[in-house]
Amino acid sequence: IAFDNEDGTYDLVLDDGNDRDGVPRASLRKIAEQSANDTASRELAKACWLNSAKCAYQSNAFAIAIGLASQAIRLDRSSAAAFFVRGRAKLAIPTLDDAKSDLKLAVLADPGNAEYRAVLADCMEKIKQRNIANRETAQMLLGYMRSEGVTASSNILMDGSAR
């Protein structure tokens, strides 16, 4: 796991962090390929991706947290914690429907986790409120269109007028 130095090299995350490692991208791929079939290496990699995702989430870097958690999920499709972190990050952006999907998977993988269930319930409430707001907006728009004489058979022109 490394951060892009934007010069074709990467800084390793798992070292002391007080230097600039300058590891070439090709070397990072070799490490990943060597550990692809090693169970212990996969578990370590998953833990690193997940911990990095949690740190990104805590730093409000939600898009980065989503990407990092997705890497953990790629290594373990049953990781409740990875789905939870990715779901919480999606909820923070918010991409509510995507968040709901991940949070449901987290709850299914670990049904006894009260925090997972509470965050899923919060997400469901936000979706409900969003849907209510969308219906109210649509009703206001339809009311305005009727008051302006716009019907379903009207054509809206590029200048915003109707005929």
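Bear in mind that the values here come from a model prediction, so they are computed numbers and not experimental data. Note: hydrogens, waters and symmetry copies are ignored here, and every other heavy atom, side chains too, is used.
Note: the hydrophobic cluster containing Tyr116 also contains Leu91 (ILVMFWY, side chain heavy atoms under 4.5 Å, direct or indirect links). Taken together through direct or relayed side-chain contacts under 4.5 Å among Ile, Leu, Val, Met, Phe, Trp and Tyr, Ile127 and Phe62 form parts of separate hydrophobic clusters. Hydrophobic clustering places Phe84 together with Val107 (ILVMFWY residues linked when any side-chain heavy atoms are closer than 4.5 Å, directly or through intermediates). In this structure, Leu75 is a member of the same hydrophobic cluster as Leu68, with clusters built from ILVMFWY side-chain heavy atoms closer than 4.5 Å. Linking Ile, Leu, Val, Met, Phe, Trp and Tyr whenever their side-chain heavy atoms come within less than 4.5 Å leaves Ile66 and Ile64 in two separate clusters.
Across all non-hydrogen atoms, the minimal contact from Ala80 to Ala109 is CB-CB, 3.6 Å. Residues Arg117 and Pro111 approach most closely at NH1-O, 2.8 Å, considering heavy atoms. Residues Lys100 and Leu120 share a closest heavy-atom pair of O-CD1, 4.0 Å. The shortest non-hydrogen separation linking Ala82 to Ala69 is O-CB, 3.7 Å. The two atoms that bring Cys123 and Ala99 nearest to each other are SG-CB, 4.1 Å, heavy atoms only. The two residues Arg86 and Ser70 come nearest to each other via the heavy atoms NH1-OG, 3.1 Å.
Of the inter-residue distances, the one linking Thr137 atom OG1 with Arg130 atom CZ reads 12.0 Å to the nearest 0.5 angstrom. In this structure, Leu96 CG and Ser101 OG are separated by 11.0 Å, a value rounded to the nearest 0.5 Å. The CG atom of Asp102 sits 13.0 Å away from atom CZ of Arg88, with the distance rounded to the nearest 0.5 Å. Distance check, rounded to the nearest 0.5 Å: CD1 of Ile132 to CD of Glu136 gives 7.0 Å. Considering CD of Glu125 and CD of Gln129, their distance stands at 4.5 Å, rounded to 0.5 Å. Taking CE of Met140 as the start and CZ of Arg135 as the end, the distance is 14.5 Å to the nearest 0.5 Å.
In this structure a side-chain-to-backbone donor-acceptor pair under 3.5 Å is present from Asn51 to Ala47. Judged purely by atom type and a 3.5 angstrom limit, Thr95 has no side-chain atom pairing as donor or acceptor with the backbone of Asp98.
Sequence neighbours left out, not one pair with a member in residues 88-111 passes ring pair (Phe, Tyr, Trp, His ring centres under 6.0 Å).
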- Message: I'd like to know whether Arg77 forms a side-chain contact (heavy atoms from CB on, under 4.5 Å) with Phe83, so could you lay out the CA-CA distance, the side-chain angles of the two residues, the decisive distance to 0.1 Å, and finally the verdict.
- Response: CA-CA 9 Å; Arg77 296 285 307 159; Phe83 280 113; 4.1 Å; yes
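For the pair Asp110 and Glu115, the minimum side-chain heavy-atom distance is 4.5 Å or more.
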